[in-house]
Amino acid sequence: TIEYELPEHSEISLIIYDIAGREVQMLVSTSHEAGSYSSTWNGTDENGRQVSGGMYFARLQAGEYSSVVKMVYLK
């Protein structure tokens, strides 16, 4: 589960990338009002296939703001 807070109304995207920088799955692509939100990644790619265990990155883009967090997916 990835939790994030928005200080103001923003167009956001939350995307999971693999260690090579390839997009694995777009979790969120919408606009949100200010507030706290969370999104859950179930360890699958865009086609619903289970990904292998390892290092992944979650990138949150909200307006001008961008943040990347490192994640380890264990099977």
Side-chain angles (χ1 to χ4, degrees):
T1 299
I2 302 164
E3 298 177 348
Y4 54 96
E5 290 190 31
L6 301 175
E8 60 188 30
H9 176 84
S10 299
E11 293 288 326
I12 69 157
S13 65
L14 179 57
I15 304 172
I16 306 297
Y17 295 93
D18 65 13
I19 193 76
R22 295 179 297 242
E23 185 175 318
V24 174
Q25 185 174 36
M26 180 175 288
L27 295 180
V28 179
S29 178
T30 189
S31 63
H32 280 309
E33 296 298 324
S36 298
Y37 297 91
S38 66
S39 184
T40 302
W41 180 46
N42 61 2
T44 60
D45 65 13
E46 288 286 341
N47 298 315
R49 295 181 301 233
Q50 193 70 35
V51 298
S52 59
M55 180 84 61
Y56 291 88
F57 299 94
R59 179 174 181 255
L60 174 68
Q61 179 79 41
E64 300 283 321
Y65 175 79
S66 181
S67 177
V68 176
V69 294
K70 215 174 356 176
M71 304 183 301
V72 177
Y73 179 65
L74 301 174
K75 286 184 140 184

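As the structure is a prediction and not an experimental result, all values here were calculated from the model.
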Sorted by chain and number, sequence neighbours left out, side-chain contact (heavy atoms from CB on, under 4.5 Å) with Glu64 holds for none

> Would you say Arg59 and Ser66 make side-chain contact, with heavy atoms under 4.5 Å?
Replying inline: yes

State, yes or no, whether a side-chain contact exists between Leu60 and Ile2 at a heavy-atom distance under 4.5 Å. no

Could you go through residues 19-32 and list every donor-acceptor pair under 3.5 Å that involves a side-chain atom there, pairing it with any protein atom two or more places apart or in another chain?
from: Arg22; atom 1: NE; to: Asp18; atom 2: OD2; distance (Å): 2.9
from: Arg22; atom 1: NH2; to: Asp18; atom 2: OD2; distance (Å): 2.9
from: Gln25; atom 1: OE1; to: Trp41; atom 2: NE1; distance (Å): 3.2

| message | Would a single hydrophobic cluster contain both Ile12 and Ile15, if residues Ile, Leu, Val, Met, Phe, Trp and Tyr are joined by side-chain heavy-atom contacts under 4.5 Å? | response | no

Cluster overlap Tyr37 with Ile16, hydrophobic side-chain contacts below 4.5 Å:
yes

Heavy-atom nearest pair, Ser10 first then Ala62, reads CB-CB, 4.2 Å

If you look only at distance, which donor and acceptor atoms sit under 3.5 Å apart when one is on a side chain in residues 68-75 and the other is two or more places apart or in another chain?
from: Tyr73; atom 1: OH; to: Gln50; atom 2: NE2; distance (Å): 2.3
from: Lys75; atom 1: NZ; to: Val51; atom 2: O; distance (Å): 3.3

For Gln61 and Tyr65, the nearest pair of non-hydrogen atoms, with its separation, is NE2-O, 3.3 Å

